[in-house]
Amino acid sequence: MEFHLDISSELINIKKVRSFLEDVFVKLNLEKVYFNRIFLCLSEAVSNAIVHGNQCVSCRNVSISISYINNFLIIEVIDEGVGFNVELVKDPTLSENLKKESGRGIFLMKNICDDVLFLDEGRRVQIKYMINK
């Protein structure tokens with residue numbers, strides 16, 4: 001089963017993303033214990049897509065799909081931006097980057113989820129999170 005949501009590139013739409021994920025959890029009968037970690041990763045991916053990918057241009061969309069396959073919740077977030085090279089993102093744990101306002105989202109996603117892939121030159125992020133039912 002796959003679930004899908006399209007939103008315009010406005011940060012206020014993170015509220016819609018939360019409601020969407022809550023609905024997915026209900027429909028898949030997933031335990032709430034997983035919700036906060038997954039929402040943190042999803043909201044970081046969506047925020048990055050809105051701000052960095054689509055440059056907050058409201059006529060550009062962010063597409064979110066969620067599926068549950070073989071005990072993995074698989075989330076894809078796609079933006080309409082020009083993409084980026086994930087290798088050029090600075091490590092937020094280095095002392096010179098600790099006080100910077102950006103750069104933590106990708107680090108969080110990689111450390112919370114089981115797998116994070118950046119595809120289509122960074123315009124698509126795929127997040128996998130194992131859920132034990």
Side-chain angles (χ1 to χ4, degrees):
M1 184 178 289
E2 185 170 314
F3 305 90
H4 192 81
L5 175 69
D6 288 321
I7 59 170
S8 61
S9 292
E10 299 167 285
L11 288 173
I12 194 162
N13 286 327
I14 298 293
K15 292 177 186 177
K16 290 180 182 178
V17 174
R18 183 179 184 89
S19 295
F20 170 65
L21 185 61
E22 287 171 346
D23 288 345
V24 170
F25 264 67
V26 168
K27 289 175 182 168
L28 293 176
N29 196 30
L30 301 176
E31 293 181 39
K32 276 291 208 183
V33 68
Y34 298 105
F35 184 84
N36 287 334
R37 288 182 178 192
I38 293 169
F39 179 66
L40 176 61
C41 293
L42 175 57
S43 64
E44 286 293 341
V46 171
S47 294
N48 285 346
I50 290 170
V51 174
H52 302 294
N54 289 345
Q55 305 291 304
C56 294
V57 176
S58 62
C59 65
R60 292 183 179 172
N61 289 321
V62 175
S63 178
I64 304 153
S65 63
I66 300 177
S67 54
Y68 183 73
I69 302 169
N70 297 327
N71 292 333
F72 280 95
L73 200 62
I74 301 169
I75 301 169
E76 286 195 346
V77 177
I78 302 169
D79 66 55
E80 297 177 358
V82 297
F84 75 106
N85 183 345
V86 71
E87 301 300 323
L88 298 178
V89 176
K90 295 183 177 161
D91 182 348
T93 64
L94 296 177
S95 60
E96 65 267 21
N97 298 326
L98 288 177
K99 294 185 179 184
K100 291 186 178 175
E101 301 248 344
S102 64
R104 293 181 193 95
I106 292 172
F107 176 81
L108 285 172
M109 287 187 287
K110 286 182 175 181
N111 283 279
I112 292 173
C113 297
D114 293 290
D115 193 21
V116 178
L117 298 172
F118 293 90
L119 308 162
D120 298 333
E121 297 177 331
R123 288 183 295 273
R124 179 167 59 117
V125 61
Q126 183 182 79
I127 300 165
K128 292 182 182 178
Y129 193 95
M130 180 177 252
I131 296 189
N132 298 315
K133 276 192 161 185

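If you're wondering where the values come from, they're calculated on a predicted model, not measured in any experiment. These values consider heavy atoms only, across backbone and side chains, with no hydrogens, waters or symmetry-generated copies. Numbering of residues begins at 1 and proceeds along the displayed sequence.
Put simply, CG on Leu117 and CE on Met109 are 11.5 Å apart, with the number rounded to the nearest 0.5 Å. Summarising the geometry, atom CG belonging to Asp114 is positioned 10.0 Å from atom NZ belonging to Lys128; distances are rounded to the nearest 0.5 Å. Distance check, rounded to the nearest 0.5 Å: CZ of Phe118 to CZ of Arg123 gives 14.0 Å. Considering CD1 of Ile38 and CG of Leu30, their distance stands at 7.0 Å, rounded to 0.5 Å.
When all heavy atoms of Ile127 and Cys41 are compared, the closest pair comes out as CD1-O, 4.0 Å. Nearest approach of Lys110 to Val86, heavy atoms of both residues: NZ-CG2, 4.3 Å. Nearest heavy atom pair, residue Phe107 against residue Asn111, reads O-ND2, 2.8 Å. Smallest separation of non-hydrogen atoms from Ser47 and Ile14: OG-CD1, 3.8 Å. Closest approach of Ser65 to His4, counting heavy atoms only: CB-ND1, 3.8 Å. What you find for Leu119 and Gln126 is that their closest heavy atoms are CD1-CB, 4.4 Å.
Tracing side-chain contacts under 4.5 Å through hydrophobic residues (I, L, V, M, F, W, Y), one reaches Leu11 starting from Phe20; they form part of the same cluster. Criterion: ILVMFWY side-chain heavy atoms under 4.5 Å apart, direct or through other members. Under it, Tyr129 and Ile75 are part of a common hydrophobic cluster. The hydrophobic clustering, which links ILVMFWY residues whose side-chain heavy atoms are closer than 4.5 Å, places Phe35 and Val33 together. Each of Ile69 and Val24 belongs to its own hydrophobic cluster when Ile, Leu, Val, Met, Phe, Trp and Tyr are linked at side-chain heavy-atom distances under 4.5 angstrom. No single ILVMFWY cluster, assembled from side-chain heavy atoms under 4.5 Å apart, contains both Ile12 and Ile64.
No more than 12 heavy atoms of other residues, nucleotides or ligands sit less than 6.0 Å from atom CD of Glu121. More than 12 heavy atoms of other shown residues, nucleotides or ligands fall within 6.0 angstrom of atom CZ in Arg104. Counting heavy atoms of neighbouring residues, nucleotides and ligands inside a 6.0 Å radius, atom CG of Leu88 exceeds 12 of them. Other residues, nucleotides and ligands contribute at most 12 non-hydrogen atoms within 6.0 Å of the NZ atom of Lys15.
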Determine, stepwise, if the pair Val17 / Leu42 fulfils side-chain contact (heavy atoms from CB on, under 4.5 Å).
-> CA-CA 8 Å; Val17 174; Leu42 175 57; 3.5 Å; yes
Check against side-chain contact (heavy atoms from CB on, under 4.5 Å), Lys27 and Phe3 = CA-CA 10 Å; Lys27 289 175 182 168; Phe3 305 90; 3.6 Å; yes
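Put simply, the side chain of Ile50 does not reach to within 4.5 Å of the side chain of Asp79, judged on heavy atoms. Using a 4.5 Å heavy-atom threshold, the side chains of Glu44 and Val77 count as separate. Side-chain contact between Glu2 and Ile74 is absent, with no heavy-atom pair separated by less than 4.5 Å. Counting heavy atoms from C-beta on, the side chains of Val62 and Asp6 never come closer than 4.5 Å. Looking at Phe72 and Asp115, their side chains never come closer than 4.5 Å, going by heavy atoms from C-beta outward. You'll find the side chain of Glu22 reaches within 4.5 Å of the side chain of Lys32, heavy atoms only. No side-chain heavy atom of Val125 sits less than 4.5 Å from a side-chain heavy atom of Ile78. Proximity of Ile131 to Asn71: side-chain heavy atoms (C-beta onward) are nowhere separated by under 4.5 Å.
Checked by atom type and distance alone, the side chain of Ser9 pairs as donor or acceptor with a backbone atom of Arg60 at under 3.5 Å. Listed for the Asn85 side chain is a donor-acceptor partner under 3.5 Å among the backbone atoms of Glu87. Looking at Ser43, its side chain does come within 3.5 Å of a backbone N or O of Leu40 through a donor-acceptor pair.
Not less than 6.0 angstrom separates the ring centroid of Tyr34 from the ring centroid of Phe25.
Side-chain atoms of Ser8 and Asn13 form a donor-acceptor pair, as typed in the model, at a separation below 3.5 Å.
Ion pairing between a basic and an acidic side chain is recognised when a charged N comes within 4.0 Å of a carboxylate O; Glu76 and Arg124 show such pairing.
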